[in-house]
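Atoms considered below: every heavy atom in the structure, side chains included; atoms not considered: hydrogens, waters and symmetry mates.
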Amino acid sequence: KFEHLARLLLVHGRWTDRRTTKFLSYSLYKASITFFTLLIYMYHCGWSGTNILDSTEQLTYNFFTALPALAIGAYHQDVSEDIAYHYPSTYHFGVKKLSYRWSINLSLRAFVQ
């Protein structure tokens, strides 16, 4: 009954965890870059509330910068199916939340740059 459960957890579970992490970290990085750009612009404008971009430009920016995140989220496979199945220790990267620490570190780097 449960003969495919190991493959489902070890292979597809790992791929889903990595895809979700990369998608979220890219989205967080994109949002933090946009936020800090607007923050610096607002500071230099004296907090007047003027927009740096027109709504059409902002929509176009969000559309084109979302495409890489969606592609990574849909098609990313960092290791092959055989390696993920035969070496379950590769799954510990997501279990120990090391990938989420990496995404937080990436967002902090966006603030510093």
Side-chain angles (χ1 to χ4, degrees):
K1 229 178 186 183
F2 299 108
E3 63 187 62
H4 300 291
L5 187 61
R7 183 177 178 275
L8 181 69
L9 288 174
L10 294 176
V11 177
H12 296 287
R14 183 182 192 286
W15 284 347
T16 301
D17 183 54
R18 297 292 295 155
R19 287 175 183 163
T20 303
T21 302
K22 288 201 174 273
F23 176 78
L24 289 176
S25 64
Y26 182 83
S27 297
L28 187 63
Y29 182 74
K30 183 182 92 157
S32 60
I33 289 291
T34 305
F35 170 75
F36 290 118
T37 303
L38 291 173
L39 185 70
I40 291 169
Y41 178 77
M42 294 284 289
Y43 175 75
H44 286 293
C45 288
W47 309 105
S48 65
T50 59
N51 289 332
I52 191 172
L53 295 173
D54 185 21
S55 62
T56 307
E57 293 168 342
Q58 202 167 15
L59 259 164
T60 306
Y61 168 77
N62 283 329
F63 176 74
F64 285 114
T65 55
L67 291 177
L70 291 174
I72 287 172
Y75 302 112
H76 179 69
Q77 295 178 357
D78 58 338
V79 294
S80 69
E81 184 177 339
D82 293 332
I83 291 175
Y85 184 74
H86 293 296
Y87 298 102
S89 60
T90 60
Y91 198 84
H92 289 294
F93 188 75
V95 172
K96 293 181 180 179
K97 307 292 186 218
L98 296 174
S99 53
Y100 296 108
R101 291 182 198 157
W102 177 80
S103 66
I104 292 171
N105 187 17
L106 185 67
S107 297
L108 290 176
R109 285 186 184 198
F111 176 69
V112 172
Q113 290 178 359

Inset, instruction - Using side chain to side chain donor-acceptor pair (under 3.5 Å) as the criterion, list what pairs up with Thr65, not counting sequence neighbours. - result: Lys30
Legend entry - Shortest non-hydrogen contact from Ala69 toward Phe23: O-CD1, 3.3 Å
Inset, instruction - Taking all heavy atoms of Asn51 and all of Tyr41, pick out the closest pair and write down the distance. - result: O-OH, 3.8 Å
Legend entry - Spacing of CG belonging to Asp17 relative to NZ belonging to Lys22, to within rounding of 0.5 Å: 11.5 Å
Side chains of residues 53-64: which donor-acceptor partners sit under 3.5 Å, not counting sequence neighbours?
| residue | atom | partner | partner atom | Å |
| --- | --- | --- | --- | --- |
| Glu57 | OE1 | Asp54 | N | 3.1 |
| Thr60 | OG1 | Thr56 | O | 2.8 |
| Tyr61 | OH | Thr34 | OG1 | 3.4 |
| Asn62 | ND2 | Gln58 | O | 3.3 |

Inset, instruction - Rounded to the nearest 0.5 Å, what's the gap from CZ on Arg18 to CD1 on Ile72? Could you check? - result: 11.0 Å
Inset, instruction - Look up atom CD1 in Ile33 and atom CG in Leu28, then write down how far apart they are to the nearest 0.5 Å. - result: 10.5 Å
Inset, instruction - Identify whether Tyr43 and Phe36 are in the same connected component of the hydrophobic contact network (ILVMFWY, side-chain heavy atoms under 4.5 Å). - result: yes
Legend entry - hydrophobic_cluster_shared for Phe35 and Leu38, side chain cutoff 4.5 Å: no
